[in-house]
There are 2 protein chains.
Amino acid sequence: MTDRSHPAGRPIRTAIADEDGIDFAIIELFFFAYRDFTSDPDQILADYGFGRAHHRVLHFVNRRPGLTVAELLDVLKITKQSLARVLKQLIDTDHVVQLQGPRDRRQRELYPTARGRALALALARPQSRRIRAALEDSGASERALIERFLEAMVNPELRAQIDIVPAKMSGKSHGDH
Amino acid sequence: MTDRSHPAGRPIRTAIADEDGIDFAIIELFFFAYRDFTSDPDQILADYGFGRAHHRVLHFVNRRPGLTVAELLDVLKITKQSLARVLKQLIDTDHVVQLQGPRDRRQRELYPTARGRALALALARPQSRRIRAALEDSGASERALIERFLEAMVNPELRAQIDIVPAKMSGKSHGDH
DNA sequence: AAAATTACGTCAATAGTGCTGACATAATTT
DNA sequence: AAATTATGTCAGCACTATTGACGTAATTTT
C-alpha cells in the first residue's frame, strides 16, 4: 500500500465539483434511478430464470407484434448471437412465437403469446407504478416534460425507432387490418 | 416452426396498449435514454481497456474522496469480489490510490489521483453535454424538475446516499442542517 | 487478556450478456 | 444462374456480476 512502483500519484482530497460546469448531480441520479428502475422487474425475472435481455425482447415483441428478427436486432442494437440465446428461451417457454413472414418467407415475425403478454405486463407494472409515483412526488406531475427530456437524451438518429409506437393517439397509419 | 410440442400459444397480434394504465412510453424512453447516455463514456473507456464498472468506481471516488471500500460497496450495491478486480486495475494504473484509514487502520480510504480525476472528468463531459442539450431541447430547461423526478425514481431508503454530496446548490428543502 | 467481530483481500467456481467470425440453409433479388 | 438477404447456429472470448470460503490484521466486546 506504500510500496508504490508508480510515478507517485498523490491523492486528491477534494470532491470533484461542477468543474467545467459538469452536471454530476444528474449524471449520478440517472445511474441510481435506472438501477432501481430495473431492479423491480429483475426480481420477477429471476423466478423464470430470465434476465434483463429477456425483458427487453419481451417488451419490444409486445410493443411491436410481428416485428422481424432483423428489426429487433436493430432496435436493441445487439448482435444476432446475443439475441439468439434469449429469444430461443422465450420461444421454448412459450412466451414468444415465430410466424413465417407473409411477404418474405425467410423472415420470422415475432409475436407474444398470452403468456408472453402477461409476463410483459407483470414486468411493466412495478416500473409504471414507480414512474407514476415519481411524477407525483416531483410535484409538477409534468409527464410530457419528462417524456420530452428523455426523448431528447436519445441519439437523434435513433428517435425514429421510438415514435413507431405512439400507442393509440396520433392516429398513425398502422392499419393493423 | 410449426412443429410445436407446446400447448399451442397463439400469437397475439395487437400491440400492448396502455393496459391497466401502464406507461410504456416512458418505460421505453428510459431504456433508450440510459443506453445512449452510457454509450458516450463507453467509447472512451474502451481506449483504456476499462468498462462501465471502472467508470462507476472512478465516479464515486471522485465524488466522495476518502470513502472506504465498504462504503463504496454500499453505494454501488455490488459484492466485494465484483469490486475487487476493477478497483485493483484502477489502482495499478494509478487512477486511484488507497490510504490507510486514520481512525481505523483496517480501512482503506480511496482517493483519485490527478490522472483519475482527469479521466473522471473526461467521462463526465459528454454525459453532461448530453444532459444540457436535452434540457434545452425539451424546452422548459427545468433542471430542478428533472432532478426531482430522477431522485423520486430512486428507492427512498437509498436517497440518503445521494444527498451526501449536495455540491453546493440543489436547493432542496431537505434542510442540510 | 481472550474472544468475537470487522474491514479488507483473495481464491474458486458460476451465470448472464455482450462480442466476433465463420458457416449453413432457404428464399428472394438481380 | 448467380448474388444477396434473413435467419440460425457453432465456437470461442470478454466483462461484470454472483456466492461461498478462507486468511489476516485491527478493533471491539466480553
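Below, read A as the first sequence line, B as the second, and so on, with proteins coming before strands; counting in each chain starts at 1. If you're wondering where the values come from, they're calculated on a predicted model, not measured in any experiment.
Taking the ring centre of A:Y111 as origin, the terminal cationic atom of B:R13 falls inside the region bounded by 6.0 Å and 45° from the ring axis.
As rounded to whole Å, 9 Å separates atom P of C:dT6 from atom CZ of B:R106. Straight-line distance from the CZ atom of B:R108 to the P atom of C:dT6: 18 Å, rounded to whole Å. Following rounding to the nearest Å, B:D104 (CG) and C:dT5 (C1') show an atom-to-atom distance of 12 Å.
Under 4.0 Å is where a charged nitrogen must lie from a carboxylate oxygen, and between A:D23 and B:R132 no such pair does. Using a 4.0 Å cut-off between a side-chain N of Lys or Arg and a carboxylate O of Asp or Glu, B:E151 and B:R159 do not qualify as a salt bridge. Salt bridge B:D137/A:R148: absent, no basic N to carboxylate O contact under 4.0 Å.
No continuous path of ILVMFWY side-chain contacts below 4.5 Å connects B:V61 to A:I12, so the two sit in separate hydrophobic clusters.
At a threshold of 4.5 Å between non-hydrogen side-chain atoms, the residues A:L158 and B:R35 count as touching.
A side chain to side chain contact (heavy atoms under 4.5 Å, CB included) with B:F50 is found for exactly one of B:V57, B:L90, B:V86, B:I44, namely B:L90.
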Practice prompt. Give the B/S/- string for nucleotides 11-21 of chain C, one per nucleotide from 5' to 3', where a protein heavy atom under 4.0 Å of the base yields B, of only the sugar-phosphate yields S, and otherwise -.
Written response: BB---SBBBB-
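For the atom pair CD (B:E71) and CG (B:L76), the distance works out to 11.5 Å, reported to the nearest 0.5 Å.
Using a 4.0 Å cutoff to heavy atoms of chain A, the contacted part of DNA chain D runs 5' to 3' from D:dT5 to D:dA11.
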